Asks: 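Quick one: the structure is below, questions incoming.
Given the structure is predicted, the values throughout are model-derived calculations rather than measurements.
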Amino acid sequence: MMETQASALSGPTMRAVGIERFGGVEALRDGDWPAPQRRPQDVVIAVQAASINFRDGLIRGGRYVARRLLPQLPFVLGSDVAGRILETSDSRPELTAGTPVFAMQPSLRGFGGYAERIAVPAEVVARMPRGVSFAEAAAMPLAGLTALQALRDLGGLRPGERVAVVGASGGVGTFGVQIARALGAASVVGVASERNHELVASLGADRVLDYRRTDWIDRLGPIDVIFDAHGGGSLRELRPALASGGRFITTVPSPGALRDHLKTSLWPFGHRSRLVVVRSRADDLAELADLAERGAVRSVIDRLEPLDQAAELHQHSQSRRSRGKNVFAVGAEANEVPRPAVDRLG
């Protein structure tokens, strides 16, 4: 069972879910937490929806690779949110009160997304895309930014190239398939379990391979950019499927991935291996918003649940069987498509 007994608090409070210790889902505490402290360059967002990322479970369990950079316990979990501006900042005067926005809290600022309110640097906030709900917008930041920065920046994907997305039915992978197509890939191959083939094809994959088949790598290539959104592969394993000058990008900073990244950076000939470390950028969120408004990308939401289902939703997310993202409905507008307060925000 999730702990619900709140410790004694002074000052303004809010409803949130966080941890006071590392552990399993029983370590999650749903209750009253201190309201966020706004800095001069921050805006405060009244959160309508917040999404779960796979790393949230690693953080909760004390298994996050950058554990030393985490805030001091206790803290509220979550980084991806969508909601309305509650408190403004002089640094972004166009972000007026009530404007629908979405954002990813930068890692060095901690987290705080599973909450009724969050203080976020104004420079990383973007206007929500028109025509999507708060829940759909909350599903976009980390997963969408990871896929965009991996394929566009690290992969240097050029129109006409061939792309493969491993883990194509997960949160990052669903955006990877769509963004590869939006960036002009000539062909996109998705790799996912058989039960998810129809979904991956609907997102724009020309072919979908079942990773459970022993010959899936032999059937993959030649590929210019392989994006391992699942994080279980390696350059050594997937090299046979890469075309000459091909690039392999992974999302998991394993010792092997770090070694391959360094090695192929120092010797920039032949195949390259890169590790994507997602950055919170308003310009990139605005690019995602533009893609969503043009119908080039959409969020795939597996489950949308209230905060009191945090333990169950964390368990489901950690199973790695989710199709797309899992999202918390925090506010009453979570399922609604808002009317933008202004025409365009940077």
Asks: Show which residues join Ile301 in its hydrophobic cluster (side-chain heavy-atom contacts under 4.5 Å, direct or indirect), or state none.
Replies: Leu304, Val327
Asks: For the atom pair CG (Asp30) and CD (Gln309), what is the distance rounded to the nearest 0.5 Å?
Replies: 10.0 Å
Asks: Could you tell me which non-hydrogen atom of Ala138 sits nearest to which non-hydrogen atom of Ala49, and how far apart they are?
Replies: CB-O, 3.5 Å
Asks: Between the side chains of Ser79 and Arg55, is a donor N or O closer than 3.5 angstrom to an acceptor N or O?
Replies: yes
Asks: Check Ala164 against Leu220 and note the closest heavy-atom contact, atom names and distance.
Replies: CB-CD1, 3.8 Å
Asks: What pairs with Arg158 under side-chain hydrogen bond (donor to acceptor under 3.5 Å, both in side chains), at least two apart in sequence or on another chain?
Replies: Glu161
Asks: Check side-chain hydrogen bond (donor to acceptor under 3.5 Å, both in side chains) between Ser193 and all other residues, then give those that pass, not counting sequence neighbours.
Replies: Asn196
Asks: Carefully, step by step, assess Ile217 and Glu237 under the rule side-chain contact (heavy atoms from CB on, under 4.5 Å).
Replies: CA-CA 8 Å; Ile217 295 178; Glu237 177 188 18; 3.6 Å; yes
Asks: Look at atom CZ of Arg39 and say whether more than 12 heavy atoms of other residues, nucleotides or ligands are closer to it than 6.0 Å.
Replies: no
Asks: In sequence, state the C-alpha distance, the side-chain angles, and the governing distance for Arg15 and Glu116, and then conclude on salt bridge (Lys or Arg N to Asp or Glu O under 4.0 Å).
Replies: CA-CA 6 Å; Arg15 167 87 179 279; Glu116 292 176 323; 5.9 Å; no
Asks: Are Glu94 and Arg92 within salt-bridge range, i.e. N to O under 4.0 Å?
Replies: yes
Asks: Is the shortest distance from a Lys or Arg side-chain nitrogen in Arg236 or Asp260 to a carboxylate oxygen in the other one below 4.0 Å?
Replies: no
Asks: Within this structure, what is the CG-CD1 distance for the pair Leu203 and Ile179, rounded to the nearest 0.5 Å?
Replies: 11.5 Å
Asks: Contact between Lys325 and Ser51 at the side-chain level, heavy atoms closer than 4.5 Å - yes or no?
Replies: yes
Asks: Output a table of donor-acceptor pairs, distance under 3.5 Å, between side-chain atoms of residues 141-150 and any protein atom two or more places apart or on a different chain; print 'none' if there are none.
Replies:
{"unit_1": "Thr146", "atom_1": "OG1", "unit_2": "Leu142", "atom_2": "O", "d": "2.6"}
{"unit_1": "Gln149", "atom_1": "OE1", "unit_2": "Arg279", "atom_2": "N", "d": "2.9"}
{"unit_1": "Gln149", "atom_1": "NE2", "unit_2": "Arg279", "atom_2": "O", "d": "2.9"}
{"unit_1": "Gln149", "atom_1": "NE2", "unit_2": "Asp284", "atom_2": "OD2", "d": "3.1"}

Asks: Would you mind writing out the side-chain donor-acceptor pairs for residues 222-229 within the sub-3.5 Å range, not counting sequence neighbours?
Replies:
{"unit_1": "Asp224", "atom_1": "OD1", "unit_2": "Arg162", "atom_2": "NH2", "d": "3.4"}
{"unit_1": "Asp224", "atom_1": "OD2", "unit_2": "Arg162", "atom_2": "N", "d": "2.8"}
{"unit_1": "Asp224", "atom_1": "OD2", "unit_2": "Arg162", "atom_2": "NE", "d": "3.1"}
{"unit_1": "Asp228", "atom_1": "OD1", "unit_2": "His230", "atom_2": "N", "d": "3.3"}
{"unit_1": "Asp228", "atom_1": "OD1", "unit_2": "Gly231", "atom_2": "N", "d": "2.9"}
{"unit_1": "Asp228", "atom_1": "OD2", "unit_2": "Gly232", "atom_2": "N", "d": "3.2"}
{"unit_1": "Asp228", "atom_1": "OD2", "unit_2": "Gly233", "atom_2": "N", "d": "2.6"}

Asks: In Å and rounded to the nearest 0.5 Å, what is the CZ to CD1 distance from Phe111 to Ile118?
Replies: 10.5 Å
Asks: Can you confirm whether more than 12 heavy atoms, excluding those of Leu73, are under 6.0 Å from its CG atom?
Replies: yes
Asks: Quick one: side-chain hydrogen bond (donor to acceptor under 3.5 Å, both in side chains) partners of Asp206, sequence neighbours excluded?
Replies: Arg181
Asks: Is there a side-chain contact (heavy atoms from CB on, under 4.5 Å) between Phe328 and Leu313 once you walk through the steps?
Replies: CA-CA 9 Å; Phe328 289 118; Leu313 216 52; 3.7 Å; yes
Asks: Give the C-alpha distance, both sets of side-chain angles, the deciding distance and a yes or no for side-chain contact (heavy atoms from CB on, under 4.5 Å) between Val101 and Leu95.
Replies: CA-CA 9 Å; Val101 295; Leu95 296 177; 4.1 Å; yes
Asks: Does a side-chain N-to-carboxylate-O contact under 4.0 Å join Glu293 and Arg130?
Replies: yes
Asks: Between Glu333 and Arg84, does any side-chain N to carboxylate O distance fall below 4.0 Å?
Replies: yes
Asks: Kindly write out the residues that satisfy ring pair (Phe, Tyr, Trp, His ring centres under 6.0 Å) with Phe248, not counting sequence neighbours, or none if the list is empty.
Replies: none
Asks: Charged N to carboxylate O below 4.0 Å: is that the case for Asp215 and Arg213?
Replies: yes
Asks: When you check the gap from the basic side-chain N to the acidic O, do Arg152 and Glu287 get nearer than 4.0 Å?
Replies: yes
Asks: According to ring-ring contact (aromatic ring centres under 6.0 Å, His included), does anything in residues 195-217 pair up with another residue at least two apart or in another chain? List the pairs.
Replies: none
Asks: Using side-chain hydrogen bond (donor to acceptor under 3.5 Å, both in side chains) as the criterion, list what pairs up with Asp42, not counting sequence neighbours.
Replies: Arg109
Asks: Enter the distance from Leu238:CG to His271:NE2 here, rounded to the nearest 0.5 Å.
Replies: 11.0 Å
Asks: Salt-bridged, Arg60 to Asp56, with N to O below 4.0 Å?
Replies: no
Asks: By the rule that ILVMFWY residues connect when side-chain heavy atoms come within less than 4.5 angstrom, directly or transitively, which residues belong alongside Leu86?
Replies: Val44
Asks: Would you list the pairs meeting salt bridge (charged side-chain N to carboxylate O under 4.0 Å, His left out) in which at least one residue belongs to residues 187-196, sequence neighbours left out?
Replies: none
Asks: According to the ring-ring contact (aromatic ring centres under 6.0 Å, His included) rule, which pairs have a member within residues 290-322, sequence neighbours left out?
Replies: Tyr114-His314
